[in-house]
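Here's the structure, in C-alpha cells; my notes come after.
Per chain, numbering begins at 1; letters A, B, ... match sequence-line order.
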There are 2 protein chains.
Amino acid sequence: MWQRLIDIQKSIVPDILSHMLKRLDILSCIETEQPIGRRTLARQLGMTERVLRREVEDLSQLNLIKVDAKGISISENGREALKEVEPFLTLIESRNDLAAQLKKQYPLKDIFVVRGDADQNAMVKDELTRLMAEELMKNLFKGAVVSVAGGSTMASVSKFLRPKHDNLLFVPARGGLGEDVAFQANSIVSHLAEATSGEHRMLYAPDSISKASLESLKEEPMVKEIIDLNSRSSMVIHGIGDALQMARRRNVTQEVMSKLDAANAVGETFGFYFDAEGNIVHKVKTIGLQLEDLENKTSIFAVAGGDSKKEAVKAYLKLAPQNTILFTDEAVAQHLLG
Amino acid sequence: MWQRLIDIQKSIVPDILSHMLKRLDILSCIETEQPIGRRTLARQLGMTERVLRREVEDLSQLNLIKVDAKGISISENGREALKEVEPFLTLIESRNDLAAQLKKQYPLKDIFVVRGDADQNAMVKDELTRLMAEELMKNLFKGAVVSVAGGSTMASVSKFLRPKHDNLLFVPARGGLGEDVAFQANSIVSHLAEATSGEHRMLYAPDSISKASLESLKEEPMVKEIIDLNSRSSMVIHGIGDALQMARRRNVTQEVMSKLDAANAVGETFGFYFDAEGNIVHKVKTIGLQLEDLENKTSIFAVAGGDSKKEAVKAYLKLAPQNTILFTDEAVAQHLLG
DNA sequence: CCTCCTGGGACGCAAAACGTCTCGCCGTGA
DNA sequence: TCACGGCGAGACGTTTTGCGTCCCAGGAGG
C-alpha cells in the first residue's frame with residue numbers, strides 16, 4: 001500500500017529522491033565523524049568542496065546540522081531524522097551495486113539485493129517478497145505452472161501479486177514438511193491463486209508416513225497429478241532457511257536433529273537440508289518436486305534475507321542451478337562477498 | 001508510522017513535496033485538457049512558457065506524458081500515478097489557504113483544514129486526528145486535565161499521542177450516551193492515558209436512567225469528582241457528528257428520534273443535539289461537561305470531517321465558543337465557505 | 001485557401017553553481 | 001607562549017544552467 005507512494009515518487013520526482021539519499025549519506029557521515037571539517041568531509045564523500053558546501057549550507061538552514069568553529073556536527077533533529085528514516089531506506093533504494101558484484105562471483109540468472117537486514121527490520125522481508133512477486137509477474141505467461149514451497153517468506157508473497165495473467169496454476173512443491181498451517185505450501189498456493197485469479201492444487205500428504213504407504217500414495221491419481229505438475233512446471237518459488245531453525249520450527253524428531261547436527265547442516269530449502277558445501281545431508285520423506293527437476297525450469301525464484309540466514313544462503317548457492325534468481329538483502333550479500 | 005516518512009522528507013528535502021505537487025498539478029491539468037499546447041497550458045497554470053517547458057520535457061522523459069504534433073496528452077503511466085497518488089495528498093499538503101479564508105469568516109482560536117474528504121478516504125480521518133493530537137500535545141502542560149468526548153473520531157486519537165508531559169489526567173466529558181464500547185469516552189480516556197503515561201478517571205453512568213436516580217447519582221463522590229474535573233479542566237477534545245446518524249448509532253428511542261426530526265436537528269456533539277441555527281434542541285440526560293463550562297477552557301479541540309458532516313459542522317460553528325480550535329477537511333471547508 | 005494552435009529550435013541575458021584561493025579564528029601540542 | 005593545522009567564511013572569475021522571448025515549420029479545421 002504505502003510502497004506505492006514511494007514508487008510514485010520514484011516515477012514523478014526521481015532526482016529528488018536521490019537527492020534525499022545523498023543528503024542522508026552526508027548526514028550519516030557527519031554523525032560518525034563529527035566534528036568534521038568541510039574539506040575533510042568532501043574528500044571522504046568523494047565530492048568537491050563547493051558542492052558539499054552548498055549541501056552543508058542547506059542542511060544547516062534546515063537545522064539538521066550545526067556548524068561552528070570546531071567543524072560540522074549533527075543536531076538533534078538530524079540524528080532523529082537519520083534514525084527514523086533508516087527502516088524506510090530499504091524501500092527507497094536497493095543495492096544494485098552489491099547485486100552487480102555478486103553476479104560476477106556467482107553464475108546465477110539474476111540477483112537482487114535489497115537494503116537492510118531482514119532480521120532487524122520487518123520491512124526488508126516485505127520488500128524482498130515484493131520484489132520477487134514483481135519479477136515473478138514479469139515472467140508469468142498464460143497457462144504457466146508454478147511450483148511453490150512453504151515457509152514464512154513465501155506466505156507473504158500473495159500480498160504483492162495482482163491478477164494479470166490468465167490460467168495460472170500454482171502447485172505445492174512438496175507436501176508434509178511439518179510447518180504451521182499458515183506456512184504450509186498448501187495454504188500458500190491457495191492464496192496465490194486467489195490473488196492472481198488463478199487456480200491451485202492441494203497435496204494431502206501426511207507429515208510422518210511409512211515408506212510403504214508413501215509408495216502407495218504416489219499411485220493415487222491426485223497425488224500423481226501433483227508430481228507430474230511439479231516435474232513440468234516452468235517456475236519455482238521458494239525460500240531458504242537456516243537448517244536448525246527450520247528443524248526446530250518443524251518439530252523434527254530427536255533422531256533427525258542429531259543427524260542434522262552430525263552432518264553440520266546449515267541450510268534448508270523445500271525439505272532438503274544441506275551442509276556448508278552444498279551437499280544434501282537429509283531429505284524429508286515426502287512427495288513432490290525433486291532437486292533434479294530444477295534443472296529444466298525456466299526460472300527458480302529463491303528468496304532469503306537476514307543475518308541469521310547468511311550461512312544457509314552461501315551454502316545454497318553451491319547447489320543452486322544456473323537458472324536461479326536470488327533475492328536477498330544487504331546483510332547476506334555482504335557475507336557472500338566477504 | 002508512515003506519516004513519519006513524509007515528515008522526514010519534509011525536513012530533509014522540503015522541495016521534494018512541493019515539486020511533486022507542482023508536477024501533479026501540471027499532470028492533472030493535462031489530463032483534463034488534453035490534448036493541449038504548451039502556451040495554453042502555461043497560461044492556465046499561471047507559469048511562464050519556458051518554466052513549464054522544462055517540466056514538460058522532464059515529464060515526457062519520465063514517460064508520464066506524451067507530446068506530439070497535436071499537443072501534450074497524458075500517458076497510461078501518468079494517469080495511473082495521478083490516480084494512485086490521490087489518497088496520499090491529504091498527508092502531504094494541508095489546505096492552509098482554506099483555513100486562512102475560514103479564519104476571516106469565523107472567529108475561532110484556530111482552524112486547520114486537511115486535504116480530501118474523510119468520507120471517501122480513510123486516511124483523511126487519520127490525518128485529522130493526527131493533526132489534532134499534535135496540536136494537543138503542543139498545548140499540554142504538566143498536570144493538565146483534559147475532558148474527552150466519545151465517538152469514532154476520538155477513538156483514534158490515542159494512536160498519535162506519545163508520552164511527553166507528566167501527570168496528565170483525562171476525564172470522560174459525559175457518560176452514558178449509548179455508544180459502542182470502543183467509542184465510549186470511558187474507553188477512550190483509558191487509551192489516551194496509556195499512550196501518554198498519564199492517568200484517567202472513569203464515569204459509570206447508565207444509559208437510560210430516571211431523573212431521580214440521576215440526581216442521587218450526582219451526589220456520589222466518584223461522580224462528583226468527574227463533574228468537578230470537567231468543570232475545571234483546561235482542555236476539551238471532541239468530535240462533531242451528524243444528528244440523525246449519531247442518533248441511529250446510539251439506538252435512541254423512537255420518541256427522541258421524532259423529537260430530533262421535528263426540531264430539524266442537524267448536528268451533535270458530546271450529547272447535545274442542535275439545529276442548523278446552532279440552537280440546542282435536545283440534551284442526552286447524563287452527567288458531565290455542560291455547554292456553559294466550555295467558555296472558560298483554554299482550548300477546545302473540535303474534530304470533524306467528511307461530506308456527511310458538513311451541515312453539522314456549519315451549525316456547530318454558530319454555537320462554538322471563541323476558544324474552539326477546529327480541525328476539518330476540504331469537503332467541509334468548501335461548504336463552510338460556499 | 002487561411003488561420004490558429006501545435007512542438008521544437010535558437011538566441012541572449014541573468015542568475016545560480018562551481019572550483020579555487022585567501023583570510024582570520026581557534027584549539028592543540030610542543 | 002608560539003606555531004601549526006584544521007576550521008568556517010568570504011571572495012572572485014569561470015562555467016553552467018535556467019529563463020524569457022521570438023521565430024519557424026507543420027498540421028488540423030474551417
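Residues B/Glu127 and B/Arg130 are paired through a salt bridge, judged by an N-O separation under 4.0 Å between the basic side chain and the carboxylate. No salt bridge links A/Asp25 with A/Lys22; every basic N to acidic carboxylate O contact stays at or beyond 4.0 Å. In summary, A/Arg23 and A/Asp58 engage in a salt bridge, as defined by a charged side-chain N under 4.0 Å from a carboxylate O. One finds a salt bridge joining B/Lys138 and B/Glu135 here, because a Lys/Arg side-chain nitrogen approaches an Asp/Glu carboxylate oxygen to under 4.0 Å. Between B/Lys159 and B/Asp126, at least one side-chain N (NZ, or NE/NH1/NH2) sits under 4.0 Å from a carboxylate O, which counts as a salt bridge. The pair A/Glu76-A/Arg79 meets the salt-bridge criterion, with a side-chain N (NZ, NE, NH1 or NH2) lying under 4.0 Å from an Asp/Glu carboxylate O.
One can place CG of A/Leu52 at 13 Å from C1' of C/dC18, the figure rounded to the nearest angstrom. At whole-Å resolution of the value, CZ in B/Arg50 and C1' in C/dA15 are 15 Å apart. One can place CD1 of A/Ile72 at 9 Å from P of D/dC7, the figure rounded to the nearest angstrom. Between B/Gln44 atom CD and C/dT6 atom C1' the separation is 16 Å, expressed in whole Å. For the pair A/Glu55 CD and C/dA17 P, the interatomic distance rounds to 10 Å; values are reported in whole Å. With rounding to whole Å, A/Arg53 atom CZ is found 12 Å from C/dA17 atom C1'. B/Lys70 places its NZ atom 10 Å from the C1' atom of D/dG27, with the value rounded to the nearest Å. At whole-Å resolution of the value, CD in A/Glu49 and P in C/dT22 are 13 Å apart.
Side-chain atoms of B/Ala69 lie closest to D/dG27 of the nucleotides D/dG27, C/dG8, D/dG20.
The side chain of B/Thr48 contributes an N or O atom lying less than 4.0 Å from OP1 or OP2 of D/dG20.
Rounding to the nearest 0.5 Å places CD1 of A/Ile65 at 5.5 Å from OG of A/Ser60.
Taking a 4.0 Å limit (strictly below) on heavy-atom distances, residues 9-30 of chain B does not reach DNA chain C anywhere. For the contact set between residues 35-43 of chain A and DNA chain C, defined by any heavy atom under 4.0 Å, the members are A/Arg39.
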Tabulate protein N/O versus nucleotide N/O from nucleotides 16-18 of chain D, keeping only pairs under 3.5 Å, one per line.
{"unit_1": "D/dG18", "atom_1": "OP1", "unit_2": "B/Arg54", "atom_2": "NH1", "d": "3.4"}

**Test log, rule salt bridge (Lys or Arg N to Asp or Glu O under 4.0 Å), inputs A/Lys103 and A/Asp110** = CA-CA 7 Å; A/Lys103 274 186 220 170; A/Asp110 211 342; 3.2 Å; yes
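Within 6.0 Å of NZ on B/Lys109 lie more than 12 heavy atoms contributed by other residues, nucleotides or ligands.
Looking at A/Asn63 and A/Ser75, their side chains never bring a donor and an acceptor atom within 3.5 Å of each other. In this model, no donor atom of one side chain and acceptor atom of the other lie less than 3.5 Å apart for B/Glu330 and B/His335.
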